[in-house]
Amino acid sequence: QVQLVESGGGSVQAGGSLRLSCAASGYSNCMGWFRQAPGKEREGVASIFAGGNSVDYADSVKGRFAISQDSAKNTLYLHMNSLKPEDTAMYYCAADPAAWYGGACHANLARPSEYTYWGHGTQVTVSS
């Protein structure tokens with residue numbers, strides 16, 4: 001079992017930056033960031049496989065967000081730049097230890113239910 005704890009959320013103005021962290025109790029080859037805004041479905045933001053061997057992003061955040069993983073610290077990061085009001089959401093860290101290759105890991109960004117372990121989330125609010 002992998003326990004996940006997110007931190008780093010907050011309130012920023014549009015154009016600002018935040019770095020989210022996710023401390024994991026163990027290592028998972030496949031990890032991802034998801035977000036959910038009020039009244040909307042949970043959506044995949046970014047995924048990382050094998051400590052950064054491959055990464056993938058939702059089109060809405062490409063070029064603005066970067067996912068990274070410090071395997072020695074079992075910590076996942078999401079660096080968010082050029083934030084927009086539409087990025088406002090609860091952000092969740094998730095692990096999918098069953099994904100044994102990058103393609104499966106990234107494909108499951110569209111299928112949050114395939115991720116096994118979830119944190120409780122950290123709120124990001126972007127004001128215009």
Side-chain angles (χ1 to χ4, degrees):
Q1 191 169 3
V2 179
Q3 295 180 326
L4 305 170
V5 179
E6 303 96 334
S7 62
S11 297
V12 296
Q13 290 193 323
S17 300
L18 281 174
R19 187 186 76 165
L20 305 184
S21 299
C22 172
S25 62
Y27 178 76
S28 172
N29 248 349
C30 173
M31 296 195 72
W33 285 100
F34 293 79
R35 66 186 182 186
Q36 188 167 18
K40 295 188 176 181
E41 292 186 354
R42 190 167 296 190
E43 64 171 344
V45 175
S47 54
I48 187 167
F49 183 76
N53 179 271
S54 66
V55 298
D56 197 19
Y57 298 94
D59 288 343
S60 58
V61 306
K62 279 181 181 176
R64 300 188 298 122
F65 291 11
I67 188 171
S68 64
Q69 186 176 20
D70 185 332
S71 301
K73 296 181 179 179
N74 283 338
T75 301
L76 182 73
Y77 301 100
L78 184 68
H79 306 261
M80 305 186 296
N81 299 311
S82 302
L83 283 161
K84 304 175 181 180
E86 51 263 45
D87 294 318
T88 295
M90 184 72 78
Y91 283 71
Y92 298 90
C93 167
D96 180 14
W100 57 277
Y101 66 102
C105 177
H106 304 317
N108 287 341
L109 261 187
R111 296 187 288 269
S113 62
E114 294 296 321
Y115 276 72
T116 308
Y117 302 106
W118 292 84
H120 292 296
T122 185
Q123 178 69 37
V124 172
T125 303
V126 185
S127 58
S128 57

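As the structure is a computational prediction, the values presented were derived from the model and not from experiment.
- Listed by first and then second residue, the disulfide bond (SG atoms under 2.5 Å apart) pairs involving residues 46-97 are C22-C93 (not counting sequence neighbours).
- L78 CG to Y91 OH: the interatomic distance, rounded to the nearest 0.5 Å, is 7.5 Å.
- Within 6.0 Å of CD in E86 there are more than 12 heavy atoms belonging to other residues, nucleotides or ligands.
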Taking only distance into account, with no hydrogens and no angle test, what donor-acceptor pairs under 3.5 Å do side-chain atoms of residues 47-57 form with protein atoms, sequence neighbours excluded?
from : atom 1 : to   : atom 2 : distance (Å)
S47  : OG     : H106 : ND1    : 2.6
S54  : OG     : H106 : NE2    : 2.8
Y57  : OH     : I67  : N      : 2.9

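- Taken from CG in L18 to NE2 in H79, the straight-line distance is 12.0 Å, to the nearest 0.5 Å.
- The distance from the CD atom of Q13 to the OG atom of S128 is 9.0 Å, given to the nearest 0.5 Å.
- Here the closest heavy-atom approach between residue V45 and residue F65 is recorded as CG1-CD2, 3.7 Å.
- Within the structure, salt bridge (charged side-chain N to carboxylate O under 4.0 Å, His left out) pairs that include any residue of residues 118-128 do not occur (at least two apart or interchain).
- To the nearest 0.5 Å, the span separating CE on M80 from CG on L20 amounts to 3.5 Å.
- Take V126 and apply the side chain to side chain contact (heavy atoms under 4.5 Å, CB included) test, not counting sequence neighbours, and it matches V12, A14, L83, P85, D87, T88, V124.
- Other members of the cluster containing F34 are M90, Y92, L109, Y115, W118, with ILVMFWY side chains joined at under 4.5 Å, either directly or via other members.
- Two residues are said to be in side-chain contact when any heavy atoms from C-beta on lie closer than 4.5 Å; T122 and S7 fail this criterion.
- N74 CG to M31 CE: the interatomic distance, rounded to the nearest 0.5 Å, is 8.5 Å.
- Residue pairs satisfying the disulfide bond (SG atoms under 2.5 Å apart) criterion with at least one member in residues 98-128, sequence neighbours excluded, are listed as follows: C30-C105.
- Counting heavy atoms from C-beta on, the side chains of R35 and V61 come closer than 4.5 Å.
- For E6 (side chain) and H120 (main-chain N/O), a donor-acceptor pair under 3.5 Å exists by modelled atom type.
- For the pair S17 and S82, the tightest heavy-atom approach, listed with the atom from each and the gap, is OG-N, 4.4 Å.
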